[in-house]
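Quick note on labels: first sequence line is chain A, next is B, and so on, each numbered from 1. Everything quoted here is computed from the prediction, not taken from an experiment.
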Amino acid sequence: MATAFFDRVWKLLSKIPKGKVTTYGEIARALKKQGAARAVGNACNANPFASSVPCHRVVGANGLLGGFALGKKAKIRLLEKEDILVKNGRIVDFKVKFWRF
DNA sequence: GTCGTGACTAGCC
DNA sequence: CGGCTAGCCACGA
């Protein structure tokens with residue numbers, strides 16, 4: 001992997017401050033690739049820095065978790081650890097926790 | 001080079 | 001509100 005696109009995604013993800021979340025679409029848009037949300041998700045799933053890249057801070061456009069390589073459960077646990085409450089697979093106060101680049 | 005798939009999104013009906 | 005369609009990017013067969 002390690003394509004330019006993937007690298008950009010990982011770099012942006014690493015910039016997300018603790019306690020904040022963003023969306024796949026936002027990341028894609030930040031890369032001037034609006035609509036490439038799928039590729040963003042792909043990058044997160046295949047990122048070699050899984051323990052360094054906070055891919056758990058990336059959720060759907062409406063606050064839905066979407067998915068997680070290690071399981072939603074783990075994702076939720078990580079998020080709640082950062083003061084980001086998750087209810088029924090959705091971010092609580094999503095608009096408040098939302099981070100825009 | 002084409003096709004199918006995926007942690008997505010937005011628009012229509 | 002639910003379902004379908006089209007569009008986007010990258011990857012593997």
Side-chain angles (χ1 to χ4, degrees):
Chain A
M1 316 297 209
T3 64
F5 183 78
F6 279 32
D7 195 35
R8 294 277 178 266
V9 174
W10 301 328
K11 194 166 184 178
L12 283 176
L13 289 181
S14 63
K15 289 183 177 179
I16 303 175
K18 178 187 172 203
K20 294 287 183 179
V21 296
T22 190
T23 69
Y24 300 95
E26 183 61 23
I27 294 172
R29 193 156 67 84
L31 297 175
K32 314 296 186 195
K33 308 275 183 173
Q34 187 167 21
R38 282 184 153 163
V40 175
N42 243 349
C44 291
N45 184 43
N47 89 81
F49 312 107
S51 47
S52 304
V53 178
C55 38
H56 59 275
R57 291 181 188 146
V58 185
V59 298
N62 58 339
L64 291 176
L65 292 188
F68 193 57
L70 305 179
K72 292 183 184 175
K73 194 176 175 184
K75 188 169 184 175
I76 294 172
R77 197 164 69 77
L78 289 169
L79 289 171
E80 294 189 327
K81 220 171 176 182
E82 301 183 357
D83 299 318
I84 300 172
L85 298 181
V86 179
K87 182 145 190 169
N88 194 26
R90 190 175 71 81
I91 300 293
V92 179
D93 294 329
F94 171 61
K95 55 183 180 179
V96 178
K97 307 292 184 180
F98 181 70
W99 169 264
R100 56 179 72 200
F101 295 100

Quiz prompt | Pair assignment for DNA chain C - dot-bracket with | for other-strand partners, Watson-Crick or G-U under 3.5 Å | solution = .||||||.|||||

Exercise. Please work out if A:F5 contacts a base, only the sugar-phosphate, or nothing of the nucleic acid, heavy-atom cut-off 4.0 Å.
Key: sugar-phosphate

Quiz prompt | Connected hydrophobic set around A:L79, excluding itself, where side chains approach under 4.5 Å | solution = A:V21, A:V59, A:L65, A:I76, A:I84, A:V86, A:I91, A:F94, A:F98

Exercise. Please list, in 5' to 3' order, the outermost nucleotides of DNA chain B lying under 4.0 Å from any heavy atom of chain A.
Key: B:dG6 to B:dA10

Quiz prompt | All pairs passing salt bridge (charged side-chain N to carboxylate O under 4.0 Å, His left out) where residues 27-41 of chain A contributes a residue, at least two apart | solution = A:E26-A:R29

Practice problem: Among residues two or more places apart or on two chains, list those pairs meeting salt bridge (charged side-chain N to carboxylate O under 4.0 Å, His left out) that have a residue in residues 43-56 of chain A. | Solution: none

Exercise. May I ask you to list the residues sharing a hydrophobic cluster with A:L70, side-chain cutoff 4.5 Å, ordered by chain and number?
Key: A:F68, A:L78

Quiz item: CD1/A:I27 to CG/A:L13 distance, rounded to the nearest 0.5 angstrom?
Solution: 4.5 Å

Self-check item: For DNA chain B, the residues among residues 54-64 of chain A that have a non-hydrogen atom under 4.0 Å from it
Solution: A:C55, A:G60, A:A61

Self-check item: Inter-residue atom distance A:Y24.OH - A:N42.CG, 0.5 Å rounding
Solution: 10.5 Å

Self-check item: Separation of C:dA10 P from A:N42 CG (nearest whole Å)
Solution: 10 Å

Quiz item: Is the number of heavy atoms from other residues, nucleotides or ligands under 6.0 Å of A:E80 CD greater than 12?
Solution: yes

Exercise. Could you note down all residue pairs passing salt bridge (charged side-chain N to carboxylate O under 4.0 Å, His left out) where residues 82-101 of chain A supplies at least one of them, sequence neighbours left out?
Key: A:R57-A:E82

Exercise. Look at the side-chain heavy atoms of Ile, Leu, Val, Met, Phe, Trp and Tyr, link any pair under 4.5 Å apart, and say whether A:L85 and A:I16 land in one connected group.
Key: no

Quiz item: What pair of heavy atoms forms the shortest contact from A:F5 to A:A39, and how long is it?
Solution: CE2-CB, 3.3 Å

Practice problem: Indicate the atoms forming the closest heavy-atom contact of A:W10 with A:A43, along with that distance. | Solution: NE1-O, 2.9 Å

Quiz item: Can you check the A:D7 CG to C:dC9 P distance for me, whole Å?
Solution: 18 Å

Practice problem: Could you give the distance separating B:dA7 and C:dG2 at their C1' atoms, to the nearest angstrom? | Solution: 22 Å

Atom pairs, protein N/O to nucleotides 2-6 of chain C N/O, distance under 3.5 Å:
none

Self-check item: Listed once per pair and sorted, the salt bridge (charged side-chain N to carboxylate O under 4.0 Å, His left out) pairs that draw on residues 64-73 of chain A, sequence neighbours left out
Solution: none

Self-check item: Linked hydrophobic residues, A:L64 as query - side chain contacts closer than 4.5 Å
Solution: none

Quiz prompt | Distance (rounded to the nearest 0.5 Å) between A:N47 CG and A:C55 SG | solution = 5.0 Å

Practice problem: Within residues 70-101 of chain A, find the residues that approach DNA chain B with a heavy atom at under 4.0 Å, and present them sorted by residue number. | Solution: A:K75

Quiz item: Which residue, A:V53, A:V40, A:V58, forms the side chain to side chain contact (heavy atoms under 4.5 Å, CB included) with A:V9?
Solution: A:V40

Quiz prompt | Between C:dC8 (C1') and A:K32 (NZ): distance, integer Å | solution = 16 Å

